[in-house]
Amino acid sequence: MMKAELIIDAPILGTKEIWVKRIFKSHFDHPLHFHDYYELVWVQHSYGKMIIGDFAGSFAEDELIMIAPKISHLW
């Protein structure tokens, strides 16, 4: 059984309430994790599998996914 780890990111753009992070990688490499804030993910050019809470499914190019605080997720 995988245990989710808490990830605490520093603000990307100053101390704003909205942080923006662009990832230019061929794949997502975060482990199963969660954090204390909402996450809005726009998948511009990719596809694969995701686990969000107790949901397991696929994601594809041009999808927009919102994840609530404290929900474990993995791409």
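Numbers here simply count residues along the sequence, with the first being 1. Below, all heavy atoms of this structure are taken into account, side chains as well, without hydrogens, waters or symmetry copies.
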- Message: I'd like to know if Ile65 and Phe55 are part of one continuous hydrophobic network [Ile/Leu/Val/Met/Phe/Trp/Tyr, side-chain heavy atoms within less than 4.5 Å].
- Response: yes
Do [X] and [Y] have side chains that approach each other closer than 4.5 Å (heavy atoms only, starting at C-beta)?
{"X": "Ser58", "Y": "Tyr47", "value": "no"}
{"X": "Ile51", "Y": "Trp75", "value": "no"}
{"X": "Ile71", "Y": "Ile52", "value": "yes"}

- Message: With side-chain contact (heavy atoms from CB on, under 4.5 Å) as the criterion, how do Leu64 and Leu40 come out once you've worked through the C-alpha distance, each side chain's angles and the decisive distance to 0.1 Å?
- Response: CA-CA 7 Å; Leu64 187 64; Leu40 183 62; 3.8 Å; yes
- With side-chain contact (heavy atoms from CB on, under 4.5 Å) as the test, would you mind laying out the steps for His73 and Met50 before giving the verdict? CA-CA 7 Å; His73 52 284; Met50 64 182 168; over 6 Å; no
- Would you please classify the geometry between the Tyr37 ring and the His35 ring as parallel, tilted or perpendicular, with 30° and 60° separating the classes? parallel
If you compare all heavy atoms of [X] against all heavy atoms of [Y], which two are closest, and at what distance to 0.1 Å?
{"X": "Gln44", "Y": "Glu61", "answer": "O-CG, 2.9 Å"}
{"X": "Ser46", "Y": "Phe59", "answer": "OG-CE1, 3.9 Å"}
{"X": "Ser72", "Y": "Leu32", "answer": "CB-CD1, 4.1 Å"}

- Message: For the backbone of Val43 and the side chain of His45, can you confirm whether one donor and one acceptor N or O come within less than 3.5 Å of each other?
- Response: no
- Query: Among all residues two or more places apart in sequence or in another chain, which pass the side chain to side chain donor-acceptor pair (under 3.5 Å) test with Asp62?
  - Reply: Trp42
- For residues 37-56, the salt bridge (charged side-chain N to carboxylate O under 4.0 Å, His left out) pairs (sequence neighbours left out) are none
